[in-house]
Amino acid sequence: MRYAMAVDTKKCVGCSDCVVACQTENNVPIGYCRDWIVEVTDGTYPQLEIEIRSERCNHCENAPCVRCCPTGASHYSDGGTVLVKKYHCIGCGACIASCPYDARFPHPDGYVDKCTFCLDNRVKKGMDPACVSVCPTKCMYFGDLDDPRSPVSQILKKRKYKTLIPEAGTKPHLYFLI
Amino acid sequence: MREEIITSGRMNPMIDPQLHIWHWHIPLYLFLGGLAAGILFFAALYTILGKEKENPTAVKIAPFITPILLVVGLFALFLDLNHQAYFWRLYTTIRLESPMSWGAWTLMVVTPISFIWCALNIKEIFPRWEWKFKFLYDLDAFFRKHLITMSWILLIFSLILGMYTGILFSAFNARPLWNTSILGPLFLTSGLSTGAAAIILMSKSHEERLRFARIDIMLIGIEMFLIVHMFMGFLASTQVHIEAAGLFLGGPYTTPFWLFVFTLGLAFPAILEVLELRKFKVPYMIAPMLVLMGGLLFRFIIAYAGQASRWLY
């Protein structure tokens, strides 16, 4: 089982509903967020292109954060998700420095926090992650890459996609449809 | 052609400033750890070689500051943690993939030995020192009997400690400036050089000072070569590495690094030490103090600049 997510950059309007849904679902402290919107405007006026992406932890297959964690708090969990064990984390910050996607942050309580793909609170109960389920343009797809019938496998078969900085060697599990 | 990119609205105002996760604690600790490793390396080396008489400061006096350096360094590390109550988790796991993990274990070997080393030489500082209990005399005799074995352990682990301070950084591929394997040898050389400088500062014997000045010149030479080599490597690498090097070649860290670290912290003290060896009258304190300043600044600059370097996407 390999959980993955695909975000359609052609359909995303950058409304930030995914950000708010995640904050609500996961009790993310005020001012912090586990997912965020990036808008890239590319070109010279009047030939401009815009790409909007909903970004979060890439749940990498070769995760630098897991590799450098001195206590094993950052670990691979079910379906290849990368999670943090709260009471094993010493808050040293090595994983924050090691993440090329800047997806982690120190929670005010001390441990390091990040996107969990809503694994325990939603996915294991058969629901989609909060961000996916609220998206008003339905631009996000979630599922198991090993299951050819999962929404994410289906859409990746049909559409062109990219991952962020694949040259960092992290094998990310967050795909962007282009 | 891509002429203009505007990236806006990451919309995590509380997180982006936090990505500069390491402040003064880590570079200070890396400096103190490297310095302690340098001093202990020379103490162990000259004990193994049987040259304690010729190098009284290196073997017997200078190691007295190492427990202080290590404890202050460890305390800085502790202050740096965000989840301090769980720091003991470091010592319930050994993760060979994580430099921070085996660094923590290396400290658990080096720190006790540094205390034992001081205890064995305590009469050098307090000539009338007497241990209060018999078992302390027995322990004293035990460690004296196994001094050479302990010196070998210390020699190896002080090298690991000096090296690990650099490898800690080089393990992070997300920060291109740190992501070079040269950083391990470079920090080790710098640590040994600052160790030699500290010994020169504390030494009362002219011959010993000159011996360590000679060692220091050699180490500074290696260090300067490694620094140039590091930038050559960056410039021959990918765009992110070229931009990381750009922080030092025209970017914000150019003056602090090339003036204060490379010129005043390495080249100038090396010249002063050469002049001293050529029997010119140079106040001997200046060169080692500059080396120590350069070593401290070097770690601050690498720690801060590294966090400013990143992948582009």
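These values consider heavy atoms only, across backbone and side chains, with no hydrogens, waters or symmetry-generated copies. The sequence lines fix the lettering, A, B, ..., with proteins before strands; numbering per chain opens at 1. Remember, it's a predicted structure, so these values are computed and weren't measured experimentally.
Annotation: residues 69-90 of chain A contacts chain B through C69(A), P70(A), T71(A), G72(A), K86(A), Y87(A), H88(A), C89(A), I90(A) [non-hydrogen atoms, separation under 4.5 Å].
Exactly one residue among C92(A), P108(A), P106(A) makes a side chain to side chain contact (heavy atoms under 4.5 Å, CB included) with N82(B). That residue is P106(A).
When all heavy atoms of D102(A) and R175(B) are compared, the closest pair comes out as OD1-NH2, 3.0 Å. The two residues P64(A) and N173(B) have their closest heavy-atom pair at CG-OD1, 4.4 Å. Across all non-hydrogen atoms, the minimal contact from A174(B) to P100(A) is CB-N, 3.3 Å.
Counted within 6.0 Å of CZ on F87(B), heavy atoms from surrounding residues, nucleotides or ligands total 12 or fewer; the atom is thus considered open. By the 6.0 Å contact criterion, NZ on K11(A) is enclosed, its count of non-hydrogen atoms from other residues, nucleotides or ligands being greater than 12. Counting heavy-atom neighbours within 6.0 Å of K160(A) NZ, excluding the residue itself, gives a total of 12 or less. Within a 6.0 Å radius of OH in Y91(B), other residues, nucleotides and ligands contribute more than 12 heavy atoms. No more than 12 heavy-atom neighbours from other residues, nucleotides or ligands sit within 6.0 angstrom of NZ on K171(A).
The candidate with the highest count of non-hydrogen atom pairs below 4.5 Å against chain B, out of C99(A), G169(A), P29(A), is C99(A). For the set E51(A), H107(A), E167(A), E49(A), the entry with the most heavy-atom pairs within less than 4.5 Å of chain B is E167(A).
Within the 4.5 angstrom heavy-atom criterion, no atom of W102(B) approaches chain A.
From F172(B), atom CZ reaches atom SG of C65(A) across 11.0 Å, with rounding to the nearest 0.5 Å.
Between the side chain of R95(B) and the main chain of R67(A), a donor-acceptor pair closer than 3.5 Å is present.
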